[in-house]
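What follows is a set of notes on a single structure, which appears directly below.
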Amino acid sequence: MLEGQSEVEFISRLFPLLFGFEYGTGSIELVNLRGIGNATGNSREDRYNAIFRLVDYLQDHQVVVFVVLDNEGGASRLKDSSKTKKSLSGLRRRVIAPERVKVWKKTFEFDNFSDSDLARALTLACNEQYAFSRAEMRDVRDNWREKDIAKLFAARTGGNLNKVQLARILAELAVSPTARKQPLNRPFVKLLGRAVDAGLMNALPVTERGRRLNQRALDRPYLRTTGG
């Protein structure tokens, strides 16, 4: 589950470039939450319940879920709530293991790309009519609660930033042979590796005992044994 269309587009573009096959082949589904409000809820009484009930339903039907959000709104509180939110299935203690709820320290872009990467991406997003600098991106990064990339883009170019296009550009930059950072060193790629592992190992049960064991496994902390 991802916050918006930009993240969905990024993974759709990056996945075959990185792993050599489409994400659906690995039994992975991308769900667009269409904004942080749909993940965290809008009322005190229903705080986080909407997303947790959906996750509970999906995992009860053997769909392994990862929730990925920017650090805004109530995202950090949602992650905290995942530690104690009880499942209604009767086979798991919690709706979702907290290790499968990822909240970026700042935003997806800033946690995964350098100032140079982002400056280059914005320059490409305007067909190189304007050259964005690393210093400009550093200023936005340092003041990310008040400023954002789209506002900088609009101020410089007079136009709106196409975030879907930006996501495609970032996906290609992530695997570019000229990039300073290797793909496997980017946090999002490590997270994708975990999702691939979970998807490929998520065999549908053929017995009730198998289903119970699978459900208990979903409640345990994630332990990666392949390095990374």
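Sequential numbering from 1 along the given sequence is applied to the chain's residues. In this text the structure is predicted, and so the values were computed from the model without any measurement.
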Which atom of [X] lies closest to which atom of [Y], heavy atoms considered:
X      : Y      : value
Thr207 : Gly210 : OG1-N, 3.0 Å
Lys86  : Arg53  : O-NH2, 3.2 Å
Ala174 : Pro183 : O-CG, 3.4 Å
Leu173 : Ala121 : CD1-CB, 3.9 Å
Ser81  : Phe52  : CB-CE1, 3.8 Å
Ile11  : Pro16  : O-CD, 4.4 Å

*Distance-only polar pair, side chains of Ser176 and Thr178, donor-acceptor under 3.5 Å*: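 Thr178 and Ser176 do have a side-chain donor-acceptor pair below 3.5 Å.
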*With no hydrogens and no angle check, do the side chains of Asp56 and Ser87 hold a donor and an acceptor under 3.5 Å apart?*
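Note: Asp56 and Ser87 side chains meet the donor-acceptor criterion.
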_Residues Arg100, Val64; criterion side chain to side chain contact (heavy atoms under 4.5 Å, CB included); working and verdict_ = CA-CA 9 Å; Arg100 291 194 175 96; Val64 182; 3.8 Å; yes
May I ask you to decide if [Y]'s main-chain N or O and [X]'s side chain share a donor-acceptor pair within less than 3.5 Å?
X      : Y      : value
Gln215 : Gln59  : yes
Asp148 : Ala150 : yes
Asn162 : Gln165 : yes

*Please test Lys163 against Glu9 for salt bridge (Lys or Arg N to Asp or Glu O under 4.0 Å), starting from the C-alpha separation and ending with a verdict.*
CA-CA 9 Å; Lys163 289 197 171 184; Glu9 189 66 33; over 6 Å; no
Side chains of [X] and [Y]: closer than 4.5 Å at any heavy-atom pair?
X      : Y      : answer
Leu2   : Val67  : no
Asn214 : Gln62  : yes
Leu184 : Lys190 : no
Phe66  : Ile96  : no
Arg186 : Asp111 : no
Leu30  : Gln5   : no
Glu109 : Leu170 : yes
Val95  : Ser82  : no

*Pairs satisfying ring pair (Phe, Tyr, Trp, His ring centres under 6.0 Å), at least one member in residues 152-206, at least two apart*: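 Listed once each, the pairs are Phe10-Phe188, Trp104-Phe188, Phe108-Phe188, Phe132-Phe153.
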Could you give the distance from [atom1] ([X]) to [atom2] ([Y]), rounded to the nearest 0.5 Å?
X      : Y      : atom1 : atom2 : result
Ile149 : Leu166 : CD1   : CG    : 6.5 Å
Leu118 : Glu136 : CG    : CD    : 12.0 Å
Glu128 : Leu122 : CD    : CG    : 12.5 Å
Leu161 : Ser6   : CG    : OG    : 8.0 Å
Arg94  : Lys85  : CZ    : NZ    : 14.0 Å
Glu7   : Thr107 : CD    : OG1   : 9.0 Å

Determine whether more than 12 heavy atoms belonging to other residues, nucleotides or ligands lie under 6.0 Å from atom [atom1] of [X].
X      : atom1 : value
Asn160 : CG    : no
Arg180 : CZ    : no
Phe21  : CZ    : yes

Inspect the contact between [Y] and [X] and indicate whether a charged nitrogen and a carboxylate oxygen are less than 4.0 angstrom apart.
X      : Y      : value
Lys106 : Glu72  : no
Asp117 : Arg134 : no
Asp60  : Arg211 : yes

Are [Y] and [X] linked, directly or through intermediate hydrophobic residues, by side-chain heavy-atom contacts shorter than 4.5 Å (ILVMFWY only)?
X      : Y      : value
Val63  : Leu213 : no
Leu200 : Phe15  : yes
Met201 : Leu218 : no
Val164 : Tyr23  : no
Leu54  : Leu91  : no

_Trace of the side chain to side chain contact (heavy atoms under 4.5 Å, CB included) decision for Leu14 with Val189_ = CA-CA 9 Å; Leu14 175 65; Val189 173; 4.2 Å; yes
*Is Arg141 close enough and on-axis enough to Phe110, meaning under 6.0 Å and within 45°, for cation-pi?*
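The answer is no, since Arg141 fails at least one limit relative to Phe110.
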_Evaluate Glu99 against Lys83 for salt bridge (Lys or Arg N to Asp or Glu O under 4.0 Å), listing each step before the verdict._
CA-CA 9 Å; Glu99 293 79 9; Lys83 299 173 183 177; over 6 Å; no
_Name of the residue among Leu191, Asp197, Val196 meeting side-chain contact (heavy atoms from CB on, under 4.5 Å) with Arg194_ =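 Exactly one candidate clears the test, Leu191.
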